[in-house]
Peer 1: 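Sharing a structure, written as structure tokens. Questions coming.
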Amino acid sequence: MPASLAPPVEATLSQIFRAFLLIGATSFGGGVMAYLRSSLVEKHGWLDDEGFVQLLAMSQSLPGLNSANMAVLVGDRLRGSRGALVAITGICLPGAVLMFFVGMLHRQHGARPLVTAAFHGVTAAAVGLVAAVALQIGRKVLTRVDDLAFVALAVIGVSVLHQSVLVVLVVVGALAIWWYRPRDDASDAPAR
Amino acid sequence: MSQLPALTWVFAYISLLTVGGGLAAFPELKALTVERYHWLSFQELIRFYSLGQVAPGPNMMMVAAVGEHVAGVIGALVVVIAFFGPTGVLTLGTGRLWRRLEGWRWRDAIQRGLAPVSVGLLVAGSISLAKGGLIGRASVLIAGAVFLLLIRTKINPALLVLCGAVAGLYAFGLG
């Protein structure tokens, strides 16, 4: 096991909970990963940069939200299952409470014309936001021309053929994994 | 109350599809909560999703608003646990296994292969959101401005969504 994967320092359950609660309460506007890195690597020293990148890569290829997966993986490394539980609870709690009240207020006032008008603006802004996020992730992740074919297949499957996300994920995912399968002629080369 | 079992399976199932981000599962979220169970309208789902984008924490905390909308406090609690519980346990198990699979050559193929598929699902999610969220020319202008500002600058998205609300008031409220 590389040194970066060994638990580097002692952290109590309450320290873990408070660190993730703070991230969960302050990361307005998304970009939670930057908050996670600054807290876990720089402030607490629970991970080094290499360890952070390794866990990040893992959390991106697992089902579930990346930041919630990071909380589970880091909490588990620091204090096992209970560490994972307090970490994911901490990071989710503030946003969940906030969105709960949004749901309640919306039921009472959502039908007012001015609220509706403001929401038209908010949803339009959100469309711009998600498109920018998709582009930024795409720029980072797509490195080969073959990648574009799998992007296109996934888009066509969901948006044109209206297949369920599950079907597209399984079918196109399996195809892509097979496409990038380990080659026999490279069997002696280190996996990279 | 009778909705609780359905809420549980729908949000546990949706959470398993969020490879690459919550947006990847958005078309499925719409299909189940709006078209199949009629818990809320597409416009209501889009409102919660849009605000949820800038709420702190993991970017799908909007599920709490949907749970509240359907079944109050209990609904919100059930939905949040259903959404984060099963994937959390899966991540815990896979995380431990994944480290032992270091050097297993399919591990890299899986990471490599799922990356472009998840980007495709993000694009499909954006399309689904745009179809319901863009109403008229003012919407397109707001979305375009936010898109350009975000890829050109480091401005906080929460601020832009707030500006979007103000622009919405002007464009749609004072007409």
Side-chain angles (χ1 to χ4, degrees), chain A residues 24-25 27-30 58 61-65 67-69 72-73 76 84 88 91-92 94-96 98-100 102-104 114 117-132 134 137-138 141 147 150-151 154-155 158-159 164-166 172-173 176-177 180-182 191, chain B residues 16-17 19 23 27-28 46-47 50 53-59 61-62 64-65 68-69 76 80 87-88 91-92 95 98 103 105 108-117 119-124 126-127 130 133 139 142-143 146-147 150-151 156-158 161 164-165 167-169 172-173:
Chain A
S27 51
F28 279 93
M58 203 189 299
S61 41
L62 289 172
L65 304 180
S67 51
N69 285 345
V72 168
L73 294 171
D76 182 38
I88 194 171
I91 202 170
C92 287
L98 183 73
M99 288 310 293
F100 168 79
V102 165
M104 233 169 70
L114 285 184
F119 262 115
H120 282 329
V122 167
T123 56
V127 171
L129 168 60
V130 296
I137 293 179
V141 163
D147 284 341
F150 297 113
V151 175
V155 174
V158 175
S159 303
S164 84
V165 174
L166 178 67
V172 186
I177 291 168
Y180 290 114
R181 70 193 176 279
Chain B
L16 293 173
L17 302 179
V19 176
L23 183 59
E28 201 74 7
I46 285 180
R47 287 180 176 194
S50 302
Q53 283 305 293
V54 293
N59 77 349
M61 296 320 304
M62 56 79 67
E68 201 284 336
H69 187 89
V80 170
T87 43
T91 299
L92 191 70
W98 203 244
R105 290 164 353 153
D108 298 292
I110 292 171
Q111 266 177 351
R112 190 74 198 75
L114 284 184
V117 180
V119 171
L121 292 177
L122 293 183
V123 173
S126 304
I127 292 172
S139 292
I142 295 170
V146 168
F147 177 79
L150 282 175
I151 55 173
N156 188 324
V161 169
L169 279 176
F172 300 100

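The chains referred to below are lettered A, B, ... by the order of the sequence lines, with proteins before strands, and numbering in each begins at 1.
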Peer 1: Heavy atoms only: give me the nearest Ala134(A)-Leu122(B) pair and the separation to one decimal.
Peer 2: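 Heavy-atom minimum between the residues: CB-CB, 4.1 Å.
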Peer 1: Output the distance between atom CG (Leu92(B)) and atom CG (Asn69(A)), rounded to the nearest 0.5 Å.
Peer 2: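 Output value for this atom pair is 10.5 Å.
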Peer 1: Is it the side chain or the backbone of Asn156(B) that comes within 4.5 Å of chain A heavy atoms, both, or neither?
Peer 2: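 It is the side chain, since no backbone atom gets that close.
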Peer 1: Write down the atom of Pro58(B), the atom of Ser67(A), and the distance for their closest heavy-atom approach.
Peer 2: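 Heavy-atom minimum between the residues: CA-OG, 3.3 Å.
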Peer 1: Over all heavy atoms of both residues, which pair between Cys92(A) and Met61(B) is shortest? Give the atoms and the distance, please.
Peer 2: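 Minimum heavy-atom separation between Cys92(A) and Met61(B): O-CE, 3.4 Å.
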Peer 1: Given heavy-atom pairs under 4.5 angstrom as the criterion, report whether the side chain, backbone, both or neither of Ile88(A) touches chain B.
Peer 2: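 Side chain only.
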Peer 1: Once rounded to the nearest 0.5 Å, what's the spacing between atom CE of Met58(A) and atom CD of Gln111(B)?
Peer 2: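 The CD atom of Gln111(B) is 8.0 Å from CE of Met58(A), to the nearest 0.5 Å.
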Peer 1: Taking side chain as everything from C-beta outward and backbone as N, CA, C, O, which of these in Ile127(B) sits under 4.5 Å from a heavy atom of chain A? Side chain, backbone, both or neither.
Peer 2: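 Contact with chain A involves the side chain of Ile127(B) alone.
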Peer 1: Is it the side chain or the backbone of Leu98(A) that comes within 4.5 Å of chain B heavy atoms, both, or neither?
Peer 2: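 The answer is the side chain of Leu98(A).
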Peer 1: Between Gly64(A), Gly173(A), Gly95(A), Gly103(A), which has the largest tally of heavy atom pairs under 4.5 Å with chain B?
Peer 2: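 Maximum pair count with chain B is reached by Gly64(A).
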Peer 1: Report the option among Ser159(A), Ala176(A), Gly29(A), Ala126(A) that has the most heavy-atom pairs separated by less than 4.5 Å from atoms of chain B.
Peer 2: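 Greatest number of close heavy-atom pairs with chain B: Gly29(A).
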Peer 1: Grab the two heavy atoms, one from Ala96(A) and one from Ala64(B), that are nearest each other, plus how far apart they are.
Peer 2: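 Closest pair (atom of Ala96(A), atom of Ala64(B), distance): O-CB, 3.5 Å.
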Peer 1: Check each atom of Ala76(B) against the heavy atoms of chain A and say whether the ones under 4.5 Å are side chain, backbone, both or neither.
Peer 2: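 Answer is side chain: those atoms of Ala76(B) sit under 4.5 Å from chain A.
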Peer 1: Where is the tightest heavy-atom contact between Pro27(B) and Val165(A), given as atom of each residue plus distance?
Peer 2: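 Shortest heavy-atom separation between Pro27(B) and Val165(A) comes out as CB-CG2, 4.3 Å.
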Peer 1: Please determine, among Ala132(A), Ala154(A), Ala84(A), the option with the most heavy-atom pairs under 4.5 Å with chain B.
Peer 2: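 Greatest number of close heavy-atom pairs with chain B: Ala132(A).
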Peer 1: Measure the spacing between CG of Asp76(A) and OG1 of Thr91(B) and express it to the nearest 0.5 Å.
Peer 2: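 The OG1 atom of Thr91(B) is 10.5 Å from CG of Asp76(A), to the nearest 0.5 Å.
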Peer 1: Would you mind checking which part of Phe100(A) comes under 4.5 Å of any heavy atom in chain B, side chain (CB onward), backbone (N, CA, C, O), both or neither?
Peer 2: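 The answer is both parts of Phe100(A).
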